[in-house]
Amino acid sequence: RWRADGRALRKLPVHVGLVVTEEEPSYADMASLVVWCMAVGISYVSVYDHNGIFKRNNSRLMDEILKQQQELIGLDCSKYTVEFANQDKTGQVLNCQSTLKVLSPEDGKADIVKAAQNFCQLVAQQQRTHTDLDVNVLNNLLSSTNGFPDPDLVLKFGPVDSTLGFLPWHIRLTEIISLPSHINISYEEFFSALHHYAACEQRWGK
């Protein structure tokens, strides 16, 4: 059913951000959302909460994802093995088509500041000139999303009308859909949000 649902959509986001603004995050419900993203064919998933709870407890979230894979995908779970990415313990390779990053506020504005400092160092060392700075150069200097495309879709959970620092550089063209809560969310609610995204006409600021 999962793959058929993904194929039935007019367009499927390549990168989905799952942003929790609620104070009490649920590992089980977030794991379900991640596994549903994988199952319908979404290639990149970012998980974020403004307190950094998921990132600090990354192994607990990954254990829950493995458990959910077994329960939700069943016999197909061999296609969705989880292993640590060597270079970054917060970047997990879920399968050859799905990759997960667990992010916190330090991966937002602080990462932009660090990228700017690194660029200034390169200029000071005469390895770059100030005229070299453009969108692509800055993207390459940002470590938190290395290898990830910008999010096509952010699902924001909770009553706060803000993404609370989630990748501020990367979401200028991102479709943001607000949902009341990630707790006890159903697959139908998740798929309805994907359906809403598929029906959106993105005008790229026009």
*Quick one: pull up CG in Leu100 and CG in Asn58 and give me the separation to the nearest 0.5 Å.*
7.5 Å

_Less than 3.5 Å apart, any donor N or O on the side chain of Ser186 or Glu189 sitting next to an acceptor on the other?_
yes

_Heavy-atom count check: over 12 atoms from other residues, nucleotides or ligands less than 6.0 Å from Arg60 CZ?_
no

*Step by step, work out the side chain to side chain contact (heavy atoms under 4.5 Å, CB included) result for Leu194 and Leu153.*
CA-CA 9 Å; Leu194 291 187; Leu153 171 65; 3.8 Å; yes

*Which heavy atom of Leu179 sits nearest a heavy atom of Ala193, and at what distance?*
CD1-CB, 4.4 Å

_Can a donor-acceptor pair be found, under 3.5 Å and without considering hydrogens, that links the side chain of Asp152 to the backbone of Val14?_
yes

*asked:* Quick one, Leu167 and Tyr48 - any side-chain contact, counting heavy atoms below 4.5 Å?
replied: no

*Cation-pi check, Lys101 onto Tyr44 ring (under 6.0 Å, within 45° of axis)*: no

*What are the two closest non-hydrogen atoms of Leu103 and Lys55, and how far apart are they?*
C-CD, 4.2 Å

*Is any side-chain heavy atom of His195 closer than 4.5 Å to a side-chain heavy atom of Arg10?*
no

*Which is it for Leu155 and Phe190 under the side chain to side chain contact (heavy atoms under 4.5 Å, CB included) test, yes or no, and what are the steps along the way?*
CA-CA 9 Å; Leu155 299 181; Phe190 164 77; 4.0 Å; yes

*Side-chain contact test, heavy atoms from C-beta onward, threshold under 4.5 Å: evaluate it for Thr99 versus Ser43 and give yes or no.*
no

*asked:* To the nearest 0.5 Å, what is the distance between OG1 on Thr21 and CZ on Phe166?
replied: 13.0 Å

*Between Ser26 and Asp29, what is the shortest heavy-atom contact and its length?*
OG-OD2, 2.8 Å

*Is there a side-chain contact between Leu18 and Val45, using heavy atoms and a 4.5 Å cut-off?*
yes

*Measuring from Tyr187:OH to Leu33:CG, what's the distance to the nearest 0.5 Å?*
11.5 Å

*Any side-chain heavy-atom pair of His182 and Pro25 under 4.5 Å*: yes

*Atom CD1 of Ile65 and atom CG of Asp63: how far apart are they, to the nearest 0.5 Å?*
9.5 Å

*Which ILVMFWY residues are connected to Leu164, directly or by a chain of links, through side-chain heavy atoms under 4.5 Å apart?*
Val160

*State yes or no: do Ile183 and Met30 share one hydrophobic cluster built from I, L, V, M, F, W and Y residues joined by side-chain heavy-atom distances below 4.5 Å, directly or via other members?*
no

*Indicate yes or no: at least one non-hydrogen side-chain atom of Val16 is less than 4.5 angstrom from one of Val154.*
no

*asked:* As an exercise, state the distance from CD of Glu64 to CD of Gln69, rounded to the nearest 0.5 Å.
replied: 11.0 Å

*For the pair Lys67 (side chain) and Ala28 (backbone), establish whether a donor and an acceptor sit closer than 3.5 Å, ignoring hydrogens and angles.*
no

*Mind checking whether Val102 and Leu61 have side chains closer than 4.5 Å, heavy atoms only?*
yes

*Shortest non-hydrogen contact from Gly52 toward Ser104*: CA-CB, 3.7 Å

*Side chains of Asn57 and Tyr27: donor-acceptor distance under 3.5 Å anywhere?*
yes

*Under 4.5 Å between any side-chain heavy atoms of Leu9 and Tyr197, yes or no?*
no

_ring-ring contact (aromatic ring centres under 6.0 Å, His included) involving Phe157 - partner list, sequence neighbours excluded_ = none

*Would you kindly say whether His15 and Ser46 are connected by a side-chain donor-acceptor distance under 3.5 Å?*
yes

*Report the C-alpha separation of His196 and Ile177 in whole Å, then their side-chain angles, then the decisive distance to 0.1 Å, and conclude whether the side chain to side chain contact (heavy atoms under 4.5 Å, CB included) test is met.*
CA-CA 9 Å; His196 178 80; Ile177 296 175; 3.3 Å; yes

_Spacing of Asn51 atom CG and Glu22 atom CD [to the nearest 0.5 Å]_ = 12.0 Å

*Kindly check if the number of other-residue, nucleotide or ligand heavy atoms within 6.0 Å of CD (Glu188) is above 12?*
yes

